[in-house]
2 protein chains.
Amino acid sequence: MHTLAEENYLKAIYKLAATNPSVSTNQIAASLDTKASSVTDMLRKLADKMLINYQRYQGVSLTQSGEKVAINIIRKHRLWEYFLVEKLNFKWDEVHDMAEEMEHISSNELIDRLDEFMGFPRRDPHGDPIPDSNGHFKTNDLKPISALAVSSAGVISGVRDHSAVFLQYLEKQGLTIGKKIAVKEVISYDNTVVLQMDNKVLQISREVANNLLIAI
Amino acid sequence: MHTLAEENYLKAIYKLAATNPSVSTNQIAASLDTKASSVTDMLRKLADKMLINYQRYQGVSLTQSGEKVAINIIRKHRLWEYFLVEKLNFKWDEVHDMAEEMEHISSNELIDRLDEFMGFPRRDPHGDPIPDSNGHFKTNDLKPISALAVSSAGVISGVRDHSAVFLQYLEKQGLTIGKKIAVKEVISYDNTVVLQMDNKVLQISREVANNLLIAI
DNA sequence: GTGTATTTTTAGGCTTGTCTAAAAAAATTA
DNA sequence: TAATTTTTTTAGACAAGCCTAAAAATACAC
């Protein structure tokens, strides 16, 4: 259907579009660890295939058909991550790179059967929503712990940073999906957040609080 | 590790080497549906990487390290086929192309966990042996029905032709893995084989008898 | 054993996706 | 608004993997 490179560009643009309405060449280059000139080349190709809206120097956005492709790749990625964790017992910090390869397996029939096999999960191991076979999914209404007022509480439901180091740190602290936490205090000096969890008190940095997402 | 093209060449050479001691450029070209000149290019590359033994005009064979790579790809292919049939309920004639993509997922840890998850199956849905994580497997001691003497019996245990049309035909006739058959008669005119199976009598052509494998 | 046919290799080219270096456009700053 | 900086694009090159056409090596036939 589409080449591996095309799929990766579409996914990158989709993710960047979540925070920026129009996505720039340099943003894409940074996100794919490639050069701006390579991005320009690919943007012409994607525009020719009507997968993006692109005019020189104007930034890009996905067309409906480009967005459909991007969401389908994300669906595959998250379902394979779920499979790796729930069926093959990998840890949540181990699955990203494998899923990065598996998301390009082309068959939609396969991914639909996998979805069914696992009982139609709607969250991946990092708390991200899994699109259904029509590309529909709940947008994440989660907020970072850093946005919580003192003495409010919530359930850990997602992460903003998916890096292995961050996930391993959370695991070690017991800060995993589903855990109930309450904000006891925010230290004004450096915005360290003091949390109550399981009758324990622990402190997390502003950085961590920014990347740990809560449902209230 | 290795590129997709390299892996496909090594697999093709491995399979051809089963019947031919030294494999020719044209055989590889035919098997990969590519041109002889493209094969020559790739053979130089594989030889540079010490994956094959190759001298101009002399045919090729796999080195130990090339064979290891080839067997690992076959292991992955067959385990994914097993997964698709046993866990996702695909039919045996539907899985080849999907497994052809999935065999290139690189992680060995993943494939070992998949193997364990499925209970270490040692035969894929077509009866082919699945190499273990050390690359060891029983060589197939199966013989085609056409090699059976009249009134001898056996169990259907494999196929030589993996094409969807052939598999669908077998399915329709009930000639699936595990079924017990006995040879009642061979019609001398065209070598049609008359079989007894499940209290039914059925006839199969010489062609089919050549491609349906039996353990005695 | 010489001539013909086949197989294999070489030579040169194309596409995809990348790069560097330079040019052009846009954005920012004074 | 003019000068400078940043961003983006263009131009030209390269590796991988394929192609066609032609040359070289090998195999086959008589």
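Note that the structure is a prediction, hence the values are computed from the model and not measured. Just so it is clear, the values below take in all heavy atoms, side chains as well, and ignore hydrogens, waters and symmetry mates. All chains are named by letter (A, B, ...) in the order of the sequence lines, taking the proteins before the strands, and each is independently numbered beginning at 1.
- Cation-pi contact between B:Lys87 and A:Phe83: absent, since separation from the ring centre below 6.0 Å together with deviation from the ring axis within 45° is not met.
- Interface residues of residues 35-47 of chain A facing DNA chain D, ordered by number: A:Ala36, A:Ser37, A:Thr40; criterion, heavy-atom separation under 4.0 Å.
- Residues of residues 7-23 of chain A that place a heavy atom closer than 4.0 Å to DNA chain C, in numerical order, are A:Tyr9.
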Please list, one pair per line, the donor and acceptor atoms closer than 3.5 Å that link side chains of residues 205-214 of chain A to other protein atoms, with sequence neighbours excluded.
| unit_1 | atom_1 | unit_2 | atom_2 | d |
| --- | --- | --- | --- | --- |
| A:Ser205 | OG | A:Glu207 | N | 3.4 |
| A:Ser205 | OG | A:Val208 | N | 3.1 |
| A:Asn210 | OD1 | A:Ser146 | OG | 2.6 |
| A:Asn211 | ND2 | A:Glu207 | O | 3.0 |

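- Side-chain rings of A:His126 and A:His96 stay apart, their centers remaining 6.0 Å or farther from each other.
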Before you tell me yes or no, could you show the steps for B:Ser133 and B:Asp112 under side chain to side chain donor-acceptor pair (under 3.5 Å), namely the whole-Å CA-CA distance, both residues' side-chain angles and the distance that decides it to 0.1 Å? CA-CA 7 Å; B:Ser133 57; B:Asp112 291 347; 4.6 Å; no
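- Side-chain contact check for B:His104 and B:Asn8: at least one donor-acceptor pair (N or O, by modelled atom type) lies under 3.5 Å.
- Both tests do not hold together for B:Arg44 against B:Tyr54: distance to the six-membered ring centre under 6.0 Å, angle to the ring axis within 45°.
- The closest donor-acceptor contact from the side chain of B:Glu101 to the backbone of B:Met98 lies at 3.5 Å or more, if one exists at all.
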Extract from the structure each pairing of a protein N or O with an N or O of nucleotides 23-26 of chain D at less than 3.5 Å, listing the distance.
| unit_1 | atom_1 | unit_2 | atom_2 | d |
| --- | --- | --- | --- | --- |
| D:dA25 | O4' | B:Tyr57 | OH | 3.4 |

Sequence neighbours left out, cut at 3.5 Å: what donor-acceptor pairs do the side chains of residues 27-34 of chain A make with other protein atoms?
| unit_1 | atom_1 | unit_2 | atom_2 | d |
| --- | --- | --- | --- | --- |
| A:Gln27 | OE1 | A:Ser24 | N | 2.8 |
| A:Gln27 | OE1 | A:Ser24 | OG | 3.4 |

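- For DNA chain C, the span of nucleotides reached by chain A at under 4.0 Å from its heavy atoms goes, 5' to 3', from C:dT16 to C:dA26.
- Remark: side-chain polar atoms of A:Glu94 are paired, donor with acceptor, to backbone N or O of A:Lys91 under 3.5 angstrom.
- No donor-acceptor pair closer than 3.5 Å links the side chain of B:Gln173 to the backbone N or O of B:Leu170.
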